[in-house]
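Note sheet for the following structure.
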Amino acid sequence: MNFKRWFYLLLFLLFIINLFLMLVYGKKTFEAQDRVKPPHRYDYHFTLISEEVDNEYWRLIEKGARDAAGKYNVYLEYLGPKQADNIEQLKFMDKSITGKVDGIIIQGIAHSNFNQLTNKAFERGIEIVTVDTDVADSERKAFVGSDNYMAGVQAGRAMIKDTKGDQYVGIVTGRLDALNQQLRMKGFKDAIKKENRIKLVDIEVSNITKSGALQATYDLLKKHPHINAFYGTSALDGSGIAQVVNQFKLKQRTYIIGFDILPQTLHLMEEGSIDASVVQYPYEMGYQSVEALLQLKNGDESKTLHHTLTRVIHSNDIQDFYEKGTVYENHTK
């Protein structure tokens with residue numbers, strides 16, 4: 001009898017203890033759930049599709065876009081191929097349209113599928129803004145970026161001004177099928193065509209990589225050892241050209257003008273290996289692209305072209321940029 005009494009007493013105590021623990025920890029669980037913030041509600045969902053996802057230049061465009069997205073309560077996705085590939089870019093574009101995003105920022109691509117996809121987006125009410133490179137004959141609503149033709153003209157004029165005597169020019173370009181590279185070369189050719197002492201010798205492709213720029217420069221100098229001037233049309237070309245020129249230890253003074261001012265380009269300009277570079281503002285491109293999409297979502301289609309600044313700088317301009325802060329992040333926020 002005593003055994004049963006103690007057994008029931010023990011069960012009762014266990015019940016009381018379990019009940020107490022349930023009440024205490026259950027209360028804390030509900031309190032914790034009450035403290036969880038609801039998911040943030042964004043006004044729009046935009047996608048930025050890069051030419052090459054880890055390219056330094058495109059990362060600067062991304063930074064500008066993210067800063068603008070944060071300011072205007074926009075959810076921004078950043079997508080792109082690991083290596084420059086038009087078909088992969090178009091696949092990301094198609095997926096974004098299927099995913100029913102509110103707007104897409106993408107480099108203009110000279111491909112029939114690009115026009116088809118911009119039409120598809122237009123039919124579904126998705127706004128398209130091209131950045132860096134434009135395709136004006138598509139259903140894109142706006143373009144944000146450099147006037148690439150004029151940037152090429154500026155490069156040509158700089159070479160004319162900075163050099164004396166005959167100049168035999170080799171061009172290292174990122175991609176022959178990229179519209180922005182084509183326009184930078186066309187502007188350059190038009191700028192020098194009446195200057196008889198400056199002659200374009202040959203063009204090689206870097207595929208927008210440092211190793212590609214090294215190989216392209218090497219090939220140009222092996223085929224044409226009399227080349228004494230170079231023009232690089234994409235961000236990594238200038239540093240690749242300078243490295244090979246320094247390795248060749250050429251007797252003649254070699255003039256080099258590049259594109260963009262990535263840190264290695266600035267360093268080579270300071271030490272005198274690169275003479276000049278065309279400055280773009282990729283941060284501004286990204287920032288203004290988001291703003292352009294927002295204007296379109298709000299029914300404002302008045303401005304189609306948003307040209308960001310380009311200019312040529314030399315080594316004596318670099319200190320001024322350092323004092324004013326990075327040239328890429330000059331947006332007043």
Side-chain angles (χ1 to χ4, degrees), residues 45-66 68-69 74-121 126-135 138-140 143-146 148 172-185 204-216 232-240 259-260 262 264 280 282-283 285-287 289-290 293 328:
H45 177 184
F46 295 162
T47 301
L48 169 59
I49 301 171
S50 66
E51 180 180 25
E52 191 175 67
V53 71
D54 285 324
N55 181 283
E56 290 179 76
Y57 171 80
W58 279 95
R59 284 295 183 183
L60 289 164
I61 293 177
E62 179 202 7
K63 187 174 189 314
R66 287 206 182 281
V74 171
Y75 177 68
L76 181 77
E77 281 188 273
Y78 177 67
L79 307 169
K82 291 183 178 180
Q83 292 185 324
D85 186 322
N86 287 349
I87 301 302
E88 286 299 309
Q89 281 178 281
L90 292 169
K91 287 180 181 178
F92 280 116
M93 185 180 181
D94 195 17
K95 288 178 181 177
S96 296
I97 294 168
T98 302
K100 298 179 181 180
V101 298
D102 298 300
I104 298 172
I105 303 165
I106 185 170
Q107 182 187 46
I109 301 169
H111 194 287
S112 59
N113 285 359
F114 180 80
N115 293 63
Q116 292 172 10
L117 287 171
T118 52
N119 289 337
K120 181 178 178 180
I126 299 171
E127 311 291 355
I128 303 287
V129 168
T130 50
V131 64
D132 179 68
T133 308
D134 195 18
V135 181
S138 67
E139 287 291 345
R140 67 97 177 101
F143 165 68
V144 180
S146 304
N148 285 294
V172 176
T173 189
R175 296 164 61 198
L176 291 175
D177 62 347
L179 289 174
N180 59 344
Q181 307 291 297
Q182 294 171 9
L183 289 168
R184 292 171 193 176
M185 287 191 287
E204 289 287 345
V205 178
S206 69
N207 294 311
I208 318 181
T209 65
K210 176 71 175 294
S211 60
L214 293 170
Q215 187 62 52
T233 69
S234 63
L236 298 173
D237 294 339
S239 57
F259 229 90
D260 293 318
L262 298 178
Q264 62 266 37
Q280 296 190 98
Y283 177 90
M285 292 181 199
Y287 201 103
S289 295
V290 170
L293 272 180
Y328 289 127

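Below, each value reflects all heavy atoms present in this structure, side chains not excepted, and no hydrogens, waters or symmetry copies. Along the sequence shown, residues are numbered consecutively beginning with 1. What you see is a predicted model, and the numbers here were worked out from it, not measured in a lab.
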Q | side-chain contact (heavy atoms from CB on, under 4.5 Å) between Ile49 and Gln107, intermediate numbers included | A | CA-CA 7 Å; Ile49 301 171; Gln107 182 187 46; over 6 Å; no
Q | Spacing of CE belonging to Met93 relative to CD1 belonging to Ile126, to within rounding of 0.5 Å | A | 9.0 Å
Q) Quick one: which of Glu51, Arg175, His111 gives a side-chain hydrogen bond (donor to acceptor under 3.5 Å, both in side chains) with Asn86? A) Arg175
Q.
Do Leu48 and Glu62 have side chains that approach each other closer than 4.5 Å (heavy atoms only, starting at C-beta)?
A. yes
Q: Indicate the atoms forming the closest heavy-atom contact of Ser96 with Thr47, along with that distance.
A: OG-CG2, 3.4 Å
Q) Which heavy atom of Met285 sits nearest a heavy atom of Ser146, and at what distance? A) CE-OG, 3.3 Å
Q | Minimum side-chain heavy-atom gap Thr98-Lys120 below 4.5 Å | A | yes
Q.
Show, in sequence, the C-alpha distance, side-chain angles and deciding distance for Thr233 and Met185, and conclude whether the side-chain contact (heavy atoms from CB on, under 4.5 Å) test is met.
A. CA-CA 7 Å; Thr233 69; Met185 287 191 287; 4.0 Å; yes
Q. How close do Val172 and Ala216 get, heavy atom to heavy atom, and via which atoms?
A. CG1-CB, 3.9 Å
Q) At what distance, to the nearest 0.5 angstrom, does CG of Asn119 lie from CG of Asn113? A) 11.5 Å
Q) How long is the gap from CD1 on Ile97 to CZ on Phe92, to the nearest 0.5 Å? A) 14.0 Å
**Q.** Partner residues of Phe46 under the ring-ring contact (aromatic ring centres under 6.0 Å, His included) criterion, sequence neighbours left out
**A.** Tyr44
**Q.** Non-neighbouring partners of Asp85 that pass salt bridge (Lys or Arg N to Asp or Glu O under 4.0 Å), sequence neighbours left out
**A.** none
Q: Tell me, please, which residues at least two apart from Arg140 pass side chain to side chain donor-acceptor pair (under 3.5 Å).
A: Asp134
Q.
Just to verify, what does Glu139 make a side chain to side chain donor-acceptor pair (under 3.5 Å) with, not counting sequence neighbours?
A. none
Q.
Are Tyr283 and Ile61 packed together at the side-chain level, in the sense that at least one heavy-atom pair is separated by less than 4.5 angstrom?
A. no
Q. Can you tell if the side chain of Arg184 reaches within under 4.5 Å of the side chain of Gln181, non-hydrogen atoms only?
A. yes
Q) Which of these, Ile105, Val144, Ile128, Asp102, sits in a side chain to side chain contact (heavy atoms under 4.5 Å, CB included) with Leu293? A) Ile105
Listed pairs under 3.5 Å, donor-acceptor, residues 75-82 side chains, sequence neighbours left out:
from  : atom 1 : to    : atom 2 : distance (Å)
Glu77 : OE1    : His45 : NE2    : 2.7
Tyr78 : OH     : Val53 : O      : 2.8

(Q) So Leu90 and Ile109, do their side chains get closer than 4.5 Å, heavy atoms only? (A) yes
**Q.** Counterpart residues, salt bridge (Lys or Arg N to Asp or Glu O under 4.0 Å), relative to Glu88 (two or more places apart)
**A.** Lys91
Q. Can a donor-acceptor pair be found between the side chains of Asn180 and Asp132 at a distance below 3.5 Å?
A. yes
**Q.** Check against side-chain contact (heavy atoms from CB on, under 4.5 Å), Gln264 and Leu236
**A.** CA-CA 9 Å; Gln264 62 266 37; Leu236 298 173; 3.4 Å; yes
Q: Ignoring hydrogens and angles, state whether a donor on the side chain of Ser234 or Asp237 is under 3.5 Å from an acceptor on the partner side chain.
A: yes
(Q) I want to check something: taking the side chain as every heavy atom from C-beta on, are Trp58 and Pro282 in contact at a cut-off of under 4.5 Å? (A) no
Q. Would you find a donor on one side and an acceptor on the other, under 3.5 Å apart, between the side chain of Thr209 and the backbone of Ser206?
A. yes
Q. With a 4.5 Å limit on heavy-atom distance, are the side chains of Ile106 and Val131 in contact?
A. no
Q: Keeping the roles fixed (side chain from Asn55, backbone from Tyr57), state whether a donor-acceptor pair exists under 3.5 Å.
A: yes
Q.
Before you tell me yes or no, could you show the steps for Thr130 and Thr133 under side-chain contact (heavy atoms from CB on, under 4.5 Å), namely the whole-Å CA-CA distance, both residues' side-chain angles and the distance that decides it to 0.1 Å?
A. CA-CA 7 Å; Thr130 50; Thr133 308; over 6 Å; no
Q) Does the Glu52 side chain pair with the main chain of Ala84, one donor and one acceptor, at a distance under 3.5 Å? A) yes
